[in-house]
Amino acid sequence: MTMSVPQQGEDDLVWAMMTNGNVTVMFQTFLSLGDTLPSISRGDGGSLLFYIRLSRIRDFFSQIKDKVNVVQDLQKTFYGATEFSITDNNNYVLTFAEDEEV
């Protein structure tokens, strides 16, 4: 377990990051996604989100933002990544991220 977030006042986790070697997997409840990515649903391609790490995220975002459906603009997360999310042609959410030093 790399990081986790308990539900406020509860012991239950609503978000967790787990790492084994070079592989990192994040788990998040649907309820906790409601405010940031309300288009996520288990019935419409949203039960799996892809998290893609890359370099020069701001340049990449500028190149594609007017050509895709952006569901979350560039933002700095509590776990230190700069990221944004789009949906692909099958309505899956793709989140692009960089551990950006600003």
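If you read the sequence from its start, that first residue is 1, and numbering goes on from there.
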Interatomic distance, CD1@I64 vs CG@D59, rounded to 0.5 Å, equals 12.0 Å
Nearest 0.5 Å please: distance from the CH2 atom of W15 over to the OH atom of Y79. 6.0 Å
Can you find a heavy atom in the side chain of R53 that is under 4.5 Å from one in the side chain of E98? no
Parallel, tilted or perpendicular for F84 and F60, by the 30°/60° rule? tilted
Enter the distance from S62:OG to R56:CZ here, rounded to the nearest 0.5 Å. 10.5 Å
From the list L74, D99, I52, side-chain contact (heavy atoms from CB on, under 4.5 Å) partner of I57 resolves to L74
Taking all non-hydrogen atoms of both residues into account, name the closest pair between D73 and V70 and its distance. OD1-CG1, 3.5 Å
Taken to the nearest 0.5 Å, the spacing of K65 NZ from I86 CD1 works out to 14.0 Å
Check whether any side-chain heavy atom of F27 lies under 4.5 Å from a side-chain heavy atom of L13, and answer yes or no. no
Give the intermediate values and the outcome of side chain to side chain contact (heavy atoms under 4.5 Å, CB included) for residues F50 and D88. CA-CA 10 Å; F50 291 96; D88 71 5; 5.9 Å; no
Rounded to the nearest 0.5 angstrom, the NZ-CD distance for K76 and E83 is 10.0 Å
Hey, does T82 have a side-chain heavy atom less than 4.5 Å from the side chain of R58? yes
